[in-house]
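Encoded as structure tokens, the structure appears first; notes follow it.
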Amino acid sequence: MASLRCRRDPCGVICLVLTYFSVFYADYVVVQYVLIPAYSGSVWCSLHGSVFNLILLLLLACHSKAVFSDPGMVPLPDTAIDFSDLRSQTSRMSERGCEGWTVCSRCETYRPPRAHHCRVCQRCIRRMDHHCPWINNCVGELNQKYFIQFLFYTGMACLYSMVLVVSAWVWRIRTEREGDPEETPSKHLIVAHYIILLVESVLFGVFVMVIFYDQLVSIITDETPIEQMRNRLIIKDRSSSSSSSSSSLQPPHHPAHTRKPKLALLREVFGRGSVFCWLLPLHSSPPSVGGIAYSALPDYDV
């Protein structure tokens with residue numbers, strides 16, 4: 001399986017371990033050193049504990065779906081393909097609606113429009129956004145929804161934990177002012193946990209919110225970061241070249257696609273269900289793009 005090949009990346013494995021360790025550490029600190037001391041005997045302890053653990057459960061569910069889901073790998077042919085007559089097939093490709101298909105020299109197969117080769121996964125990914133070590137997988141057409149949900153719940157968990165830690169810290173300061181402050185090792189340990197969790201929440205929170213915003217912009221503009229970078233290079237090359245040679249800089253494998261409404265673009269990623277279902281890691285079949293059926297071979301003779 002190509003997905004297993006992807007998970008052999010050492011950096012990805014380390015990031016996975018770090019992700020799960022951070023989540024369980026945050027849950028441990030919030031329950032053991034925040035909720036129980038500050039809200040013990042109150043309904044707020046059970047309420048905050050249930051909500052926070054529900055967010056973490058959704059976070060882990062979305063993360064697992066992003067890790068183990070197929071990002072949209074282009075299937076490999078069962079037999080070797082002869083590419084010697086590729087140029088003569090160009091006209092027939094356009095006539096049969098296969099314009100934009102290209103040949104991947106690494107996978108030795110045809111790939112549909114907007115598909116790119118990942119050097120880590122060693123496969124071509126449909127509408128590849130990037131390879132993310134935090135999920136040890138590519139972010140592509142079929143798992144981008146779960147990746148964005150993972151970012152969303154991670155941001156919520158970071159914000160929630162910061163609010164709980166600050167409130168518990170304020171409660172502890174008020175309690176010490178009213179009574180006799182005691183300099184015990186447990187007190188310093190609690191403060192150390194508070195500081196570590198705050199730093200973790202701020203770093204991860206800012207990090208995932210920036211990526212979350214970038215993902216939404218990528219969906220709304222209908223351009224992946226790879227396509228954005230390529231378009232910038234094309235514009236830069238055109239501006240620096242003469243008008244006669246600028247037409248040859250346009251890559252043949254990137255046909256212009258029509259702009260769609262923003263809601264339609266979001267539904268292509270999150271599915272056609274209600275907005276509430278967009279928040280759940282449920283399987284959804286995105287609408288097909290232009291009626292193209294992705295397979296190992298485009299619809300023309302080879």
Side-chain angles (χ1 to χ4, degrees), residues 1-3 6-7 12 15-16 19-20 23 54-75 111-116 118 120-121 123-159 204-205 207-228 257 259-294:
M1 293 293 292
S3 57
C6 169
R7 301 187 192 107
C15 289
L16 285 181
T19 299
Y20 287 111
V23 170
L54 177 61
I55 295 176
L56 294 186
L57 180 63
L58 290 171
L59 184 156
L60 294 175
C62 297
H63 184 265
S64 299
K65 293 283 286 186
V67 171
F68 297 105
S69 296
D70 177 18
M73 293 185 179
V74 177
R111 59 186 175 190
R114 310 185 70 180
H116 303 279
C118 176
V120 181
C121 296
R123 290 288 294 275
C124 288
I125 309 297
R126 302 201 302 262
R127 205 175 187 277
M128 175 181 171
D129 190 272
H130 68 288
H131 183 91
C132 179
W134 295 102
I135 63 173
N136 198 21
N137 198 1
C138 274
V139 178
E141 184 179 78
L142 302 183
N143 70 339
Q144 188 178 22
K145 168 185 176 180
Y146 307 126
F147 179 70
I148 295 177
Q149 290 172 340
F150 164 65
L151 297 176
F152 175 75
Y153 288 116
T154 302
M156 286 189 61
C158 292
L159 180 61
F204 278 95
F207 179 67
V208 298
M209 285 297 100
V210 170
I211 301 179
F212 179 80
Y213 172 78
D214 183 70
Q215 288 290 306
L216 292 183
V217 171
S218 175
I219 295 174
I220 293 175
T221 59
D222 198 16
E223 281 186 343
T224 64
I226 298 177
E227 294 170 347
Q228 293 176 3
H257 51 274
R259 293 290 181 180
K260 301 177 183 179
K262 296 180 179 179
L263 183 59
L265 293 172
L266 290 173
R267 284 178 174 173
E268 286 187 359
V269 175
F270 295 99
R272 296 185 177 182
S274 63
V275 178
F276 176 75
C277 294
W278 292 4
L279 300 176
L280 302 177
L282 303 175
H283 175 73
S284 59
S285 300
S288 59
V289 183
I292 298 177
Y294 295 111

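Values reported hereafter were calculated over all heavy atoms of this structure, with side chains retained and with hydrogens, waters and symmetry mates removed. Computed from a predicted structure; not experimentally measured.
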Problem set entry | Cationic N near anionic O, under 4.0 Å, Arg127 to Glu141 | no
Do [X] side-chain atoms and [Y] backbone N/O form a donor-acceptor pair below 3.5 Å?
{"X": "Arg123", "Y": "Val74", "value": "yes"}
{"X": "Lys65", "Y": "Leu282", "value": "no"}
{"X": "Asn143", "Y": "Asp70", "value": "no"}

Problem set entry | Worked check of side-chain contact (heavy atoms from CB on, under 4.5 Å) between His131 and Val139 | CA-CA 6 Å; His131 183 91; Val139 178; over 6 Å; no
Could you state the interatomic distance from [atom1] ([X]) to [atom2] ([Y]), rounded to the nearest 0.5 Å?
{"X": "Thr19", "Y": "Ile135", "atom1": "OG1", "atom2": "CD1", "result": "10.0 Å"}
{"X": "Phe152", "Y": "Ile55", "atom1": "CZ", "atom2": "CD1", "result": "8.5 Å"}
{"X": "Ile148", "Y": "Ile211", "atom1": "CD1", "atom2": "CD1", "result": "11.5 Å"}
{"X": "Phe270", "Y": "Leu279", "atom1": "CZ", "atom2": "CG", "result": "8.5 Å"}
{"X": "Thr224", "Y": "His130", "atom1": "OG1", "atom2": "NE2", "result": "11.0 Å"}
{"X": "Phe207", "Y": "Leu151", "atom1": "CZ", "atom2": "CG", "result": "8.5 Å"}

With [X] via side chain to side chain contact (heavy atoms under 4.5 Å, CB included) - residues at least two apart:
{"X": "Cys158", "answer": "Thr154, Ser201, Phe204"}
{"X": "Cys15", "answer": "Cys11, Pro133, Trp134"}
{"X": "Asp214", "answer": "Pro225"}
{"X": "Leu265", "answer": "Ile219, Asp222, Lys260, Glu268"}

Taking all non-hydrogen atoms of both residues, which atom of [X] and which atom of [Y] are closest, and how far apart?
{"X": "Arg126", "Y": "Ala115", "result": "CA-CB, 4.0 Å"}
{"X": "Leu58", "Y": "Pro281", "result": "CD2-CD, 4.4 Å"}
{"X": "Pro71", "Y": "Asn137", "result": "CG-OD1, 3.7 Å"}
{"X": "Lys145", "Y": "Cys277", "result": "NZ-O, 4.2 Å"}
{"X": "Trp278", "Y": "Gly271", "result": "NE1-O, 3.3 Å"}
{"X": "Leu56", "Y": "Ala157", "result": "CD2-CB, 3.9 Å"}

Problem set entry | Tyr153 side chain to His63 side chain, donor-acceptor N/O pair below 3.5 angstrom | no
For this session: Please identify each residue that fulfils ring-ring contact (aromatic ring centres under 6.0 Å, His included) with Phe212, with sequence neighbours left out.
Result: none
Exercise. What residues, two or more places apart in sequence or in another chain, satisfy ring-ring contact (aromatic ring centres under 6.0 Å, His included) together with Tyr213?
Worked result: none
Problem set entry | With sequence neighbours excluded, residues passing side-chain hydrogen bond (donor to acceptor under 3.5 Å, both in side chains) with Asp129 | Gln215
